[in-house]
Asker: 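I am attaching a structure below and will ask some questions about it afterwards.
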Amino acid sequence: MINPTQLFSKKFVTYKKNISEIDAIAFEIKNLKAAIVSTDTVAGIISLNKNLIYKIKKRSFTKKIIKFISNVNQIPEANEIVKKIAKNFWPGKLTIVFNKESYRIPNDNFLIKLIERTGPLYSSSANISGLEPINNELEAFKYFQKNKNDIIFIEGNYYLNNSPSTVFDIDNNMIVRQGDISYESIAQYIKES
């Protein structure tokens with residue numbers, strides 16, 4: 001009997017989520033592949049090519065995609081409010097919308113080191129739009145087999161986290177998506193600015 005994991009490994013190019021493979025992963029991403037990876041929130045799909053993420057996920061272009069960054073200096077024209085919120089919540093489960101763009105520094109050392117090699121990465125949950133994010137390798141293959149030539153898979157603990165980040169729109173001072181971080185905990189840093 002064929003082990004489902006062995007079957008899966010023949011379908012996607014697969015890497016381990018460790019520093020010894022990070023340069024190979026960065027090479028794939030710089031060649032405009034997408035990568036499915038575990039994050040500090042839900043499973044994610046990352047790429048330098050945001051249009052590829054929209055295509056793979058069958059996502060409407062009216063829905064924004066988050067940009068993973070490795071430091072606040074990668075946000076153009078970041079003001080004092082952005083810097084203060086970033087200092088207190090990043091890395092972590094808070095996405096901020098600033099000048100109509102969404103940014104987050106994930107609380108994941110591997111991803112931060114990867115971004116340092118590739119530059120900021122577009123990110124979204126690893127799912128087909130409207131469906132739940134994947135929890136394992138076989139679900140990833142089920143969702144994304146039609147795009148297997150555009151995707152690499154990074155092994156990791158996909159069972160650990162299942163709550164998305166809070167999305168806070170600084171421009172309009174409002175929560176767009178509620179996660180583990182509340183508006184009240186963010187608001188105190190806005191008042192101090």
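Just the heavy atoms: all of them, side chains too, but no hydrogens, waters or symmetry mates, feed the values below. The structure displayed is predicted, hence computed values, not measured ones.
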Asker: List the steps, then state whether side chain to side chain contact (heavy atoms under 4.5 Å, CB included) holds for Ile75 with Lys83.
Answerer: CA-CA 10 Å; Ile75 301 177; Lys83 291 175 182 175; over 6 Å; no

Asker: Kindly give the heavy-atom pair with the smallest separation between Ala34 and Ser47, and that separation in Å.
Answerer: CA-CB, 3.9 Å

Asker: With a 4.5 Å heavy-atom cut-off, do Tyr15 and Glu155 have their side chains touching?
Answerer: no

Asker: List the atom pairs, donor and acceptor, that lie under 3.5 Å between side-chain atoms in residues 175-183 and the rest of the protein, sequence neighbours left out.
Answerer:
from, atom 1, to, atom 2, distance (Å)
Arg177, NE, Ser165, O, 2.9
Arg177, NH2, Ser165, O, 3.1
Arg177, NH2, Ser165, OG, 3.0
Gln178, NE2, Ile181, O, 2.8
Asp180, OD2, Ser163, OG, 3.3
Ser182, OG, Ser185, N, 3.2
Ser182, OG, Ser185, OG, 3.3
Tyr183, OH, Asn173, OD1, 3.1
Tyr183, OH, Asn173, ND2, 3.1

Asker: With a 4.0 Å cut-off, would you call Asp23 and Arg117 a salt bridge?
Answerer: yes

Asker: Measure from the side-chain N and O atoms of Gln188 to the backbone N and O of Glu184, and report whether any donor-acceptor pair falls under 3.5 Å.
Answerer: no

Asker: Identify the two heavy atoms, one from Lys16 and one from Ile25, that lie closest to each other, and give their separation to 0.1 Å.
Answerer: O-CD1, 3.8 Å

Asker: With heavy-atom distances below 4.5 Å as the criterion, would you say the side chains of Lys57 and Ser125 are in contact?
Answerer: yes

Asker: Would you say Asn18 and Phe110 make side-chain contact, with heavy atoms under 4.5 Å?
Answerer: no

Asker: What about Phe68 and Leu32, same hydrophobic cluster or not, with Ile/Leu/Val/Met/Phe/Trp/Tyr joined at side-chain heavy-atom distances under 4.5 Å?
Answerer: yes

Asker: List the steps, then state whether side chain to side chain contact (heavy atoms under 4.5 Å, CB included) holds for Ile53 with Arg59.
Answerer: CA-CA 8 Å; Ile53 294 176; Arg59 184 178 174 92; 5.5 Å; no

Asker: Is any side-chain N of the basic residue among Lys17 and Asp108 closer than 4.0 Å to the acidic one's carboxylate O?
Answerer: yes

Asker: Is the number of heavy atoms from other residues, nucleotides or ligands within 6.0 Å of CG (Asn31) greater than 12?
Answerer: yes

Asker: Can you find a heavy atom in the side chain of Ile29 that is under 4.5 Å from one in the side chain of Ile46?
Answerer: yes

Asker: Ignoring hydrogens, what is the shortest heavy-atom contact between Leu111 and Ser38? Give both atom names and the distance.
Answerer: CD1-O, 4.0 Å

Asker: Measure the shortest side-chain to side-chain distance between Pro91 and Ile112 over non-hydrogen atoms and say whether it is less than 4.5 angstrom.
Answerer: yes

Asker: What is the minimum heavy-atom distance between Ile65 and Lys50, and which atoms define it?
Answerer: CD1-O, 4.0 Å

Asker: Does some side-chain heavy atom of Asn107 sit less than 4.5 Å from a side-chain heavy atom of Trp90?
Answerer: no

Asker: Do Val167 and Tyr103 belong together in a cluster built from hydrophobic side chains that touch within less than 4.5 Å?
Answerer: no

Asker: How far does NZ of Lys64 sit from NZ of Lys100, to the nearest 0.5 angstrom?
Answerer: 7.5 Å

Asker: Under the side chain to side chain contact (heavy atoms under 4.5 Å, CB included) rule, what do Tyr122 and Ile66 come out as? Steps first, then yes or no, please.
Answerer: CA-CA 6 Å; Tyr122 293 102; Ile66 295 169; over 6 Å; no

Asker: To the nearest 0.5 Å, what is the distance between NZ on Lys148 and CZ on Phe153?
Answerer: 15.5 Å

Asker: How long is the gap from CD1 on Ile45 to CG on Leu52, to the nearest 0.5 Å?
Answerer: 6.5 Å

Asker: Indicate, with yes or no, if the rings of Phe168 and Phe89 have centres closer together than 6.0 Å.
Answerer: no

Asker: Which atom pair, heavy atoms only, marks the closest approach of Asn149 to Lys33?
Answerer: O-NZ, 2.8 Å

Asker: Please round to the nearest 0.5 Å and tell me the distance separating atom CD1 of Ile96 and atom CD1 of Ile105.
Answerer: 8.5 Å

Asker: Sequence neighbours left out, what passes side-chain contact (heavy atoms from CB on, under 4.5 Å) with Asn79? Give chain and number order.
Answerer: Ile81, Val82, Phe98

Asker: What verdict does the side chain to side chain contact (heavy atoms under 4.5 Å, CB included) test give for Ile134 and Lys142, after you've listed the backbone C-alpha separation in whole Å, the side-chain angles of each residue and the deciding distance to 0.1 Å?
Answerer: CA-CA 9 Å; Ile134 63 140; Lys142 178 181 164 188; over 6 Å; no

Asker: Looking at side-chain heavy atoms only, is the closest gap between Leu114 and Leu121 below 4.5 Å?
Answerer: yes

Asker: Looking at NZ of Lys146 and NZ of Lys58, how far apart are the two atoms once the value is rounded to the nearest 0.5 Å?
Answerer: 5.0 Å

Asker: Are Ile170 and Ile186 joined in one hydrophobic group, where the rule is that I, L, V, M, F, W and Y side chains link up if heavy atoms are under 4.5 Å apart?
Answerer: yes

Asker: Donor-acceptor pair, distance only, cut-off 3.5 Å: does the side chain of Asp169 make one with the backbone of Asp171?
Answerer: yes

Asker: Output all residues satisfying side-chain contact (heavy atoms from CB on, under 4.5 Å) with Gln145, sequence neighbours left out; order by chain, then residue number.
Answerer: Phe141

Asker: Of all heavy-atom pairs between Tyr158 and Ala43, which one has the smallest distance, and what is that distance?
Answerer: CD2-CB, 3.5 Å

Asker: Can you hop from Ile36 to Leu131 via hydrophobic side chains spaced under 4.5 Å?
Answerer: yes

Asker: Taking Asp40 first and then Arg104, would you say they form a salt bridge - that is, a charged N and a carboxylate O separated by under 4.0 Å?
Answerer: yes

Asker: Which of these passes side chain to side chain contact (heavy atoms under 4.5 Å, CB included) with Pro120: Ile69, Asn71, Leu48?
Answerer: Ile69

Asker: Would a hydrophobic clustering, with Ile, Leu, Val, Met, Phe, Trp and Tyr connected at side-chain separations under 4.5 Å, put Phe27 with Val13?
Answerer: no

Asker: Just wondering, do Phe12 and Ile152 contact through their side chains at under 4.5 Å, heavy atoms?
Answerer: no

Asker: Is Asn136 reaching over with its side chain to a backbone N or O of Leu138, donor-acceptor style, under 3.5 angstrom?
Answerer: yes

Asker: Within this structure, what is the NZ-CG distance for the pair Lys55 and Asn147, rounded to the nearest 0.5 Å?
Answerer: 5.5 Å

